[in-house]
Amino acid sequence: MKKRNYINEVYEVTKCIPEGRITTYGTIAAFLGLGSARMVGWALNKSFSEDDVPAHRVVNRKGELSGRVHFPNPTMMQELLEAEGVKVENDKVVDFDRHYWHPEMSMEE
DNA sequence: AAGGTGACAGGGT
DNA sequence: TACCCTGCCACCT
């Protein structure tokens, strides 16, 4: 099974997200120039089989834990975020803008 | 080979 | 402000 380059890029960016920080699919897509945020979602879906990727730190533009159903346990994503200091309420991140992280903050090439 | 799906985003109503 | 529809591109059946 061949890994697409862009998928590997998504993993790298996601791994660089600091604890207690979150970002969006669209942000990663734009940073990597993928053109569509859906690619990021697909890439992260495979991340469970590929490597230890903090996919719980990636949410959609509304700050909702849209990907929690893809975790081993639907509640795991929220638990992980709260354990890192990110408060989640009603499946949405509280103070989304405050925890927001941008790849350029740490990954400048 | 063609059609449908999906961890999204943006604009319009 | 919230909900609905459309556009996106790769993967799966």
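Letters A, B, ... are given to chains in the order of the sequence lines, protein chains preceding strands, and every chain is numbered from 1.
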Q: Does B/dA9 have OP1 or OP2 under 4.0 Å away from a side-chain N or O of A/T24?
A: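 Checking A/T24 against B/dA9: at least one side-chain N or O falls below 4.0 Å of OP1 or OP2.
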Q: Does A/A55 reach a base, just sugar-phosphate, or nothing at all? Heavy atoms under 4.0 Å.
A: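 Base: the residue A/A55, judged by heavy atoms under 4.0 Å, touches a nucleobase.
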Q: Which nucleotide, B/dA7, C/dC9, B/dA9, lies nearest any side-chain atom of A/S66?
A: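 Selected nucleotide: B/dA7.
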Q: Measuring from the side chain of A/M39 (C-beta onward, heavy atoms only), which nucleotide among C/dC8, C/dC11, B/dG6 has the closest atom?
A: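 Of the options given, the side chain of A/M39 lies nearest B/dG6.
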Q: Between the main-chain N or O of A/K62 and the side-chain N or O of A/N60, is there a donor-acceptor pair closer than 3.5 Å?
A: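 Between the backbone of A/K62 and the side chain of A/N60 there is a qualifying donor-acceptor contact (under 3.5 Å).
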Q: Of all the nucleotides listed (B/dA9, B/dA7, C/dC12), which has the minimum atom distance to the side chain of A/A37?
A: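 Shortest atom-to-atom distance from the side chain points to B/dA9.
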Q: Which whole-number value in Å describes the distance from A/L32 CG to C/dA10 C1'?
A: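 After rounding, the gap between these two atoms is 15 Å.
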Q: Quick one: which of B/dA7, B/dG6, B/dA9 gets closest to the side chain of A/L44?
A: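 The answer is B/dA7, which lies nearest to the side chain.
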Q: Using whole Å, report how far CZ of A/R68 lies from C1' of B/dA7.
A: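 Taking atom C1' of B/dA7 as the reference, CZ of A/R68 is at 11 Å.
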Q: Kindly say whether A/A43 contributes a backbone atom to a donor-acceptor pair with the side chain of A/Y11 at under 3.5 angstrom?
A: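 Yes; judged by distance alone, with no hydrogens or angles, the pair exists.
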Q: Considering only heavy atoms from C-beta outward, does the side chain of A/T27 approach that of A/Y100 to under 4.5 Å?
A: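 Contact flag for A/T27/A/Y100 side chains = yes.
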Q: Measure NZ/A/K46 against P/C/dA10 and give the value in whole Å, please.
A: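 Atom-to-atom, A/K46 to C/dA10, this comes out as 14 Å.
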Q: What's touching nucleotides 10-12 of chain B from the protein side, N or O pairs under 3.5 Å?
A:
unit_1 : atom_1 : unit_2 : atom_2 : d
B/dG10 : N7     : A/R61  : NE     : 3.4
B/dG10 : N7     : A/R61  : NH2    : 3.0

Q: Answer with yes or no whether the hydrophobic clustering places A/L44 together with A/L34; edges join I, L, V, M, F, W, Y residues whose side-chain heavy atoms lie under 4.5 Å apart.
A: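 As far as the 4.5 Å side-chain criterion goes, A/L34 and A/L44 are connected within one cluster.
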Q: Whole Å only: how far is the OH atom of A/Y25 from the P atom of C/dC8?
A: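 Distance check: A/Y25 OH to C/dC8 P gives 22 Å.
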Q: Look at atom CG of A/D95 and say whether more than 12 heavy atoms of other residues, nucleotides or ligands are closer to it than 6.0 Å.
A: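 Counting other residues, nucleotides and ligands, CG of A/D95 exceeds 12 neighbours.
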Q: Which heavy-atom pair separates A/P72 from A/F48 by the least distance, and what is that distance?
A: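 Closest heavy-atom pair between A/P72 and A/F48: CD-CE2, 4.2 Å.
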Q: So, do A/W101 and A/I22 sit near enough that their side-chain heavy atoms are less than 4.5 Å apart?
A: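 They are not in side-chain contact.
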Q: Between C/dC4 atom C1' and A/K62 atom NZ, what is the distance in whole Å?
A: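 Value for this atom pair: 11 Å.
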Q: Give the rounded distance in Å between these two atoms: CD1 of A/I7 and P of C/dC11.
A: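 The answer, rounded to whole Å, is 6 Å.
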Q: What nucleotide, of B/dA9, C/dC9, C/dA10, holds the atom closest to the side chain of A/N60?
A: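 Nearest to the side chain of A/N60 among the choices is B/dA9.
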Q: Measure from CG on A/L34 to P on B/dA9 and round the result to the nearest Å.
A: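 To the nearest whole Å, that distance equals 13 Å.
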Q: I need the NZ-P distance between A/K92 and C/dT1, as an integer number of Å.
A: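 Going from NZ in A/K92 over to P in C/dT1 covers 15 Å.
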